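Bear in mind the structure is a predicted one, so any value in this text is a computation, not a measurement.
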Amino acid sequence: IRSHRLRPSRPLARDIDNWPWPVRVLTLGRFEVQLDDHALRFEGKAQRKPLELLKVLIAAGEHAVAIEQLVESLWPNPEEGGRKAFDITVHRLRKLLACEGAVEVADRHARLDTGLVWVDAWALDRLLSAHGEATLAHLEAAAPRVMALCGGAFLAGDAESAWLLAVRHRVSNRFQRFAEQLGEQWERAGAWQRATALYQRVIELDPLAETFYRRQMLCLQAQGRRAEALEVFCRCRHLLSITLGVAPGRETEGLHRQLLGE
């Protein structure tokens with residue numbers, strides 16, 4: 001494939017993630033660019049703008065973005081940006097990725113070529129889209145890949161700009177919806193331990209996901225593990241307090257009182 005520079009067909013691009021992509025970008029829980037499966041090492045500050053452009057194009061998904069919009073996002077000061085700055089940054093990004101075709105520019109729009117660039121957030125989004133309202137069998141089949149892809153928040157270490165937060169929230173919400181569907185199915189089937197472990201994984205990825213603390217408490221209660229359920233509540237209350245300055249919601253507090261026998 002690499003010798004002949006073959007491109008994946010559209011179905012393959014959507015369904016198979018282990019194609020030998022020239023460029024792979026990890027954005028969930030960490031940021032890493034891989035060229036032919038070798039991690040790209042960044043040195044100094046010279047690559048800051050090209051990497052910012054890469055991240056903004058990734059956040060746009062598989063859609064083209066107006067160059068004017070990109071210029072406004074990356075160079076809010078008109079004296080520092082403009083079309084010339086954009087063109088220079090695109091050239092530097094292509095050079096950085098060692099792939100001239102990775103960034104497409106046409107009709108006053110830009111996008112990443114989905115036949116040359118693979119992004120974990122895109123793969124997760126496609127996978128979750130395919131299992132929106134699936135059966136237990138379909139959810140269970142997808143779960144290992146979903147969990148492997150979702151290693152954390154989208155561009156977790158980056159400053160919380162508006163465009164980034166929108167994508168971060170969307171990815172998190174869709175992942176949690178998937179976990180909630182699977183967990184509910186397991187609860188109905190009495191697979192309490194599997195549901196408990198699933199909810200713990202979600203909590204590890206988002207320590208403020210109160211709903212999943214409550215679901216975990218219910219699963220532990222169903223297993224007769226009352227003390228552990230109470231410990232889960234204490235962790236939930238502590239994290240909500242120190243991070244957001246709020247107490248657990250009414251449902252969580254009610255379950256806590258029930259566990260105490262009040």
For the student: nearest non-hydrogen atoms of [X] and [Y], plus distance:
X	Y	value
C150	L28	CA-CD1, 4.2 Å
G183	L198	N-CD2, 3.6 Å
E210	G249	OE2-N, 2.6 Å
L259	A229	CD1-CB, 3.7 Å
A121	T27	CB-OG1, 3.5 Å
A64	R111	CA-CB, 3.7 Å

Consider only side-chain N and O atoms of [X] and [Y], and report whether a donor and an acceptor are under 3.5 Å apart.
X	Y	answer
W118	Q34	no
T211	E180	no
R215	T196	no
Q221	Q223	no
H238	S241	no
E187	Y199	yes

Donor-acceptor pair, side chain of [X] and main chain of [Y], under 3.5 angstrom:
X	Y	result
R194	W186	no
D120	L149	no
R94	E100	yes
D107	H109	no
T252	P248	no
R108	I67	no

In Å and rounded to the nearest 0.5 Å, what is the [atom1] to [atom2] distance from [X] to [Y]?
X	Y	atom1	atom2	answer
L57	H63	CG	NE2	13.0 Å
M217	Q258	CE	CD	9.0 Å
L164	S73	CG	OG	11.5 Å
R235	L240	CZ	CG	12.5 Å
Q176	F212	CD	CZ	5.0 Å
L220	L230	CG	CG	10.0 Å

Next on the checklist: Between H169 and S172, is the side-chain hydrogen bond (donor to acceptor under 3.5 Å, both in side chains) condition met? List the steps.
Outcome noted: CA-CA 5 Å; H169 289 156; S172 177; over 6 Å; no
Residue pair [X] / [Y], side-chain heavy-atom distance below 4.5 Å:
X	Y	result
V23	V119	no
F31	L26	no
V65	V56	no
V25	W122	no
V117	W21	no
L136	L182	yes
L74	F86	no
L35	P22	no

Item to check | The single option from K84, H91, R83 passing side chain to side chain donor-acceptor pair (under 3.5 Å) against D87 | outcome: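 Between D87 and the candidates, side chain to side chain donor-acceptor pair (under 3.5 Å) is satisfied uniquely by R83.
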Check for me, please, whether [X] and [Y] land in the same ILVMFWY cluster - side-chain distances under 4.5 Å, paths through other members count.
X	Y	result
L40	L112	yes
V246	L208	yes
V103	I88	no
W163	L70	yes
L244	L165	no

Checklist entry - Going through the distances and angles, do T89 and W75 end up as a side-chain contact (heavy atoms from CB on, under 4.5 Å)? => result CA-CA 11 Å; T89 303; W75 295 276; 3.2 Å; yes
Next on the checklist: I'd like to know if E253 pairs up with R214 as an ion pair, taking the criterion as any Lys NZ or Arg NE/NH1/NH2 lying under 4.0 Å from an Asp or Glu carboxylate oxygen.
Outcome noted: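 Salt bridge flag = no for R214 with E253.
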Next on the checklist: For a salt bridge (charged side-chain N to carboxylate O under 4.0 Å, His left out) check, start with the C-alpha distance between R126 and E62, then their side-chain angles and the critical distance, and finish with the verdict.
Outcome noted: CA-CA 11 Å; R126 288 193 294 264; E62 302 180 46; 2.9 Å; yes
Item to check | Step-by-step side-chain contact (heavy atoms from CB on, under 4.5 Å) determination, L116 to L97 | outcome: CA-CA 11 Å; L116 298 173; L97 299 178; over 6 Å; no
Next on the checklist: Applying side-chain contact (heavy atoms from CB on, under 4.5 Å) to I58 and L54, what does each step give before you reach the verdict?
Outcome noted: CA-CA 6 Å; I58 287 172; L54 175 62; 3.9 Å; yes
Next on the checklist: Let's go through K49 and E52 carefully: what are the C-alpha distance in whole Å and the side-chain angles of both, what is the deciding distance for salt bridge (charged side-chain N to carboxylate O under 4.0 Å, His left out) to 0.1 Å, and is it a yes or a no?
Outcome noted: CA-CA 5 Å; K49 277 300 180 186; E52 285 182 12; 3.2 Å; yes
Checklist entry - Taking everything shown except Q193 itself, do over 12 heavy atoms lie less than 6.0 Å from its CD? => result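 No, because the 6.0 Å sphere around CD of Q193 holds 12 heavy atoms or fewer from other groups.
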Checklist entry - Considering residues at least two apart in sequence or located in another chain, which fulfil the side chain to side chain contact (heavy atoms under 4.5 Å, CB included) criterion with V146? => result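 Applying side chain to side chain contact (heavy atoms under 4.5 Å, CB included) to V146 gives L124, L127, L128, A142, F175, F178.
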Item to check | Derivation of the salt bridge (charged side-chain N to carboxylate O under 4.0 Å, His left out) call for E231 and R226 | outcome: CA-CA 9 Å; E231 289 178 5; R226 176 175 167 274; over 6 Å; no
